[in-house]
Amino acid sequence: MLTVRERRPGDEAAVAALLAATADRVAAAEPRIRLGRDPGPGPALVAVAADGSVHGHVRPEPHEAAAGDSERMYLPDRSASWTATAVSGPDAAVALAAAIRGTGTGTEPGRAGPGGAKPDRTGVGGPAAAVSRAAGAGAAGAGAAGA
């Protein structure tokens, strides 16, 4: 069984290996597509096995629409896309998706999620909410905020 938690400095080598393997598979299937091999800065989520091995990675990229931006007509004011995605198999993809959605990972409203993260104001907690909040705080100086 895989659990999802925030990425730690000790995860960098395993995450880089996952990203490189994903980039190699995509390049073999379509040589014109080049994926990144660097996990990038800032907070991220990893799916880990009981032995601590990393099987998945995803990193939020926050976006905030400016006050006069026409995107606000059809998009939320703040959102996040999830980048630097790599998984070793379907179990890791399911675990990360569940953490991002905030379901199936112990993040029901009113309960602490993995890593002790408390539910946020939307009732979604756990590592995805903590990473989204941290991404917003880290990007605030760049003019963006997380969801």
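When reading the values below, keep in mind they use all heavy atoms of this one structure, side chains included, and skip hydrogens, waters and symmetry mates. From a predicted model like this one, the values you see are computed outputs, not experimental measurements.
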Check your understanding: Do you know which two heavy atoms are closest between Val58 and Ala44, and how far apart they sit?
Key -> O-CB, 3.3 Å
Exercise for review: Could you walk me through whether Arg5 and Val46 pass side-chain contact (heavy atoms from CB on, under 4.5 Å), step by step?
Suggested key: CA-CA 6 Å; Arg5 61 169 169 75; Val46 291; 3.5 Å; yes
Exercise for review: Search all heavy atoms of Glu71 against all heavy atoms of Ala65 and return the closest pair with its distance.
Suggested key: OE1-CB, 4.4 Å
Revision key, fill the gap. Between Gly56 and Leu18 the two heavy atoms that sit nearest each other are N-CD1, 3.5 Å
Check your understanding: Quick one: are Val15 and Arg8 in side-chain contact, heavy atoms under 4.5 Å?
Key -> no
Check your understanding: Would you say the side-chain atoms of Arg59 pair up with the backbone N or O of Pro39, donor to acceptor, closer than 3.5 Å?
Key -> yes
Check your understanding: Taking C-beta and beyond as the side chain, do Ile33 and Pro31 meet within less than 4.5 Å on heavy atoms?
Key -> no
Exercise for review: Report yes if the side chains of Arg37 and Asp24 come closer than 4.5 Å at any heavy-atom pair, otherwise no.
Suggested key: yes
Point to revise | Derivation of the side-chain contact (heavy atoms from CB on, under 4.5 Å) call for Leu96 and Arg101 | key: CA-CA 9 Å; Leu96 288 168; Arg101 281 192 317 267; over 6 Å; no
Check your understanding: CG/Leu35 to OG1/Thr85 distance, rounded to the nearest 0.5 angstrom?
Key -> 10.0 Å
Point to revise | Least distance between heavy atoms, Gly36 atom then Ala23 atom | key: O-CB, 4.5 Å
Exercise for review: Only pairs at least two apart or in different chains count here, so list each side chain to side chain donor-acceptor pair (under 3.5 Å) that has a residue in residues 41-58.
Suggested key: Arg7-His57, Asp51-Ser53, Ser53-His55, His55-Ser88
Exercise for review: Just do the side-chain contact (heavy atoms from CB on, under 4.5 Å) check on Leu45 and Trp82 with the steps written out, would you?
Suggested key: CA-CA 10 Å; Leu45 297 176; Trp82 296 85; 4.2 Å; yes
Review point. If two hydrophobic side chains count as joined below 4.5 Å and joins carry through other members, does Leu19 share a cluster with Val48?
Key: yes
Revision key, fill the gap. CD of Glu64 to CZ of Arg72, rounded to nearest 0.5 Å, is 7.0 Å
Review point. Between CD of Glu61 and OG of Ser81, what distance do you get to the nearest 0.5 Å?
Key: 4.5 Å
Review point. Which heavy-atom pair separates Val54 from Ala14 by the least distance, and what is that distance?
Key: CB-CB, 3.8 Å
